[in-house]
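What follows is a set of notes on a single structure, which appears directly below.
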Protein chains: 2
Amino acid sequence: MDMPDTAERLIRSTQELLWDRGYVGTSPKAIQQHAQAGQGSMYHHFAGKADLALAAIQRSAAELRAEAETALGGRGTALERIDAYLLRERDILRGCRLGRLAQDPDIVANEDLRQPVHETFDWLRQRLAGVVADGVRHDELPAGLDPDATAAAIAAVVQGGYVLARATSSPDSFARAIAGLRQLLGAISQHRQ
Amino acid sequence: MDMPDTAERLIRSTQELLWDRGYVGTSPKAIQQHAQAGQGSMYHHFAGKADLALAAIQRSAAELRAEAETALGGRGTALERIDAYLLRERDILRGCRLGRLAQDPDIVANEDLRQPVHETFDWLRQRLAGVVADGVRHDELPAGLDPDATAAAIAAVVQGGYVLARATSSPDSFARAIAGLRQLLGAISQHRQ
DNA sequence: GTCTATAAGAAGATAGAC
DNA sequence: GTCTATCTTCTTATAGAC
């Protein structure tokens, strides 16, 4: 268990702070303190706040994608894989690492910083749409169902569930939204074994 | 068309800036410039940034609630009223005035500032649940449907739709999520006239 | 009510020593 | 690679004149 090197600690610290406070709310000083790195260290390894944030966002995007893939690429029916995604462990009140950045004006205004966020959500929707399409192909889901729209609704319930949970300071709000979506999906499923 | 008085301009300016930049990203100076009010003016009318933000958030919460009520309290079947809510005009890429505040660490950390956000989302879910319950009562929607969970899912798709739209810089992402939800609701509805 | 002056501290770096 | 010094601008006010 060696201590990660300085650049690595800076990236990980920035990931944590971006998650909790966003880009606008995260200062270089706070990053340095969290990473136990000096001013000079940070500016030696990274050109500045934006450069470091880019590394952190790319890292978070890759992690998120891997976690989603674990659920969506698992075994089971389409509905079971969607359930695995919807019910996977989440730090609900902390929100989505990437989704929160979509609210940040300085992220949205900076094309470099926005790109990994954009790409990840594009990937997620396509990945979810693929699973929905599988469900339609195997007669689990009705033939008329639009995989892209359904996928977008699923991703939106998760992102919106986070918002509702934070707004009400209660993870229950997230759970309720997920339960509502699962009930709708269950109601239209063809229950084939 | 008189110019609103100073306190009023300060509140409206703060509403706009909170919407676009959040609490952490909004400085008193920016508010003063937007409102064309001086430093002394602002601190004469309000105790400080938090006090002014509270007034602005309460105002935005009341406005949002009134707009939702217009759609949800209109005439028509339950599904038509939900559609009216889902399809009402929105400034999609700007996001939700209140939902974006749920991401703000300084809002969540301050009970006074969080309260109007919390209350508004509680109200919205209950209001939506009432409409869903109406639908169940009138046999538009299946008897087994959980109104609270369905309401949470509907609110989450809207909030999440905003997140997806901002993440992808495209209002289409919002529209797709709404379309997905409407397709699910349509599929389970009983199509009674 | 509004204006200007003042101020302690943070934000986001740059420069040069070690 | 890391450290300290320095710098400009911004943040969030307070104080007192007008």
Side-chain angles (χ1 to χ4, degrees), chain A residues 2-57 100-101 103-114, chain B residues 2-57 100-101 103-114:
Chain A
D2 295 329
M3 189 165 184
D5 67 24
T6 304
E8 179 66 20
R9 289 202 318 277
L10 284 163
I11 291 176
R12 293 190 194 172
S13 294
T14 305
Q15 286 185 275
E16 298 300 312
L17 290 168
L18 286 182
W19 195 345
D20 288 330
R21 302 199 45 85
Y23 185 82
V24 170
T26 297
S27 69
K29 187 178 183 181
I31 295 170
Q32 291 151 27
Q33 289 176 341
H34 190 281
Q36 300 198 63
Q39 191 105 315
S41 248
M42 185 190 124
Y43 285 101
H44 171 73
H45 291 285
F46 299 93
K49 176 179 168 178
D51 185 42
L52 179 46
L54 178 59
I57 293 170
R100 79 110 54 233
L101 297 180
Q103 300 293 345
D104 211 302
D106 289 7
I107 297 281
V108 172
N110 181 324
E111 198 174 334
D112 292 338
L113 297 179
R114 195 182 49 213
Chain B
D2 296 329
M3 187 164 185
D5 67 25
T6 303
E8 179 66 20
R9 289 203 317 279
L10 283 164
I11 291 176
R12 292 188 193 173
S13 294
T14 304
Q15 285 184 277
E16 298 301 312
L17 290 168
L18 286 182
W19 195 345
D20 288 329
R21 303 199 43 85
Y23 185 82
V24 169
T26 298
S27 69
K29 188 178 183 181
I31 295 171
Q32 291 151 27
Q33 289 175 341
H34 191 282
Q36 301 198 66
Q39 191 104 318
S41 249
M42 184 189 126
Y43 284 102
H44 171 73
H45 291 286
F46 299 94
K49 176 177 167 178
D51 185 41
L52 179 45
L54 178 58
I57 294 171
R100 79 110 54 234
L101 298 179
Q103 299 292 346
D104 210 302
D106 289 7
I107 297 281
V108 172
N110 182 325
E111 197 173 336
D112 292 337
L113 298 179
R114 194 181 51 214

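Proteins come first, then strands; the chains are lettered A, B, ... in the order of their sequence lines, and each starts at number 1.
The nearest whole Å value for the distance from the CG atom in B:Leu52 to the P atom in D:dT11 is 15 Å. Between the CG atom of B:Asn110 and the C1' atom of D:dT12 there is a distance of 16 Å, rounded to whole Å. Atom P of nucleotide D:dT4 and atom CD of A:Gln32 are separated by 12 Å, given to the nearest angstrom. Nucleotide D:dT11 holds its P atom 13 Å from the OH atom of B:Tyr23, rounded to whole Å. In this structure, A:Tyr43 places its OH atom 8 Å from C1' of C:dA11, rounding to the nearest Å. Between A:Met42 atom CE and C:dG12 atom P the separation is 9 Å, expressed in whole Å. Rounded to whole Å, the distance from CG on A:Leu17 to P on C:dG12 is 12 Å. Rounded to an integer number of Å, the gap from B:Asp51 CG to D:dT12 P is 15 Å.
Put simply, the side chain of A:Arg9 gets close to the backbone of A:Pro4: a donor and an acceptor are under 3.5 Å apart. Side-chain atoms of A:Thr14 do not come within 3.5 Å of backbone N or O of A:Leu52 as any donor-acceptor pair.
Phosphate proximity of D:dT12 to B:Lys49: present, with a side-chain N or O under 4.0 Å from OP1 or OP2.
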Any N/O pairs under 3.5 Å between the protein and nucleotides 1-3 of chain C? List them or say none.
{"residue": "C:dT2", "atom": "OP1", "partner": "B:Thr6", "partner atom": "OG1", "Å": "2.9"}
{"residue": "C:dT2", "atom": "OP2", "partner": "B:Ser41", "partner atom": "OG", "Å": "2.9"}
{"residue": "C:dT2", "atom": "OP2", "partner": "B:His45", "partner atom": "NE2", "Å": "2.9"}
{"residue": "C:dT2", "atom": "O5'", "partner": "B:Ser41", "partner atom": "OG", "Å": "2.9"}
{"residue": "C:dC3", "atom": "OP2", "partner": "B:Gly38", "partner atom": "N", "Å": "3.4"}

Donor-acceptor contacts, no H, no angles, side chain residues 39-47 of chain B, under 3.5 Å, sequence neighbours left out:
{"residue": "B:Gln39", "atom": "OE1", "partner": "B:Gln32", "partner atom": "NE2", "Å": "3.3"}

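Sorted by first and then second residue, the salt bridge (charged side-chain N to carboxylate O under 4.0 Å, His left out) pairs involving residues 23-52 of chain B (not counting sequence neighbours) form an empty list.
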Please test B:Glu16 against B:Arg12 for salt bridge (Lys or Arg N to Asp or Glu O under 4.0 Å), starting from the C-alpha separation and ending with a verdict.
CA-CA 6 Å; B:Glu16 298 301 312; B:Arg12 292 188 193 173; over 6 Å; no
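The shortest side-chain heavy-atom distance between A:Thr6 and A:Gln36 does not fall under the 4.5 Å cut-off.
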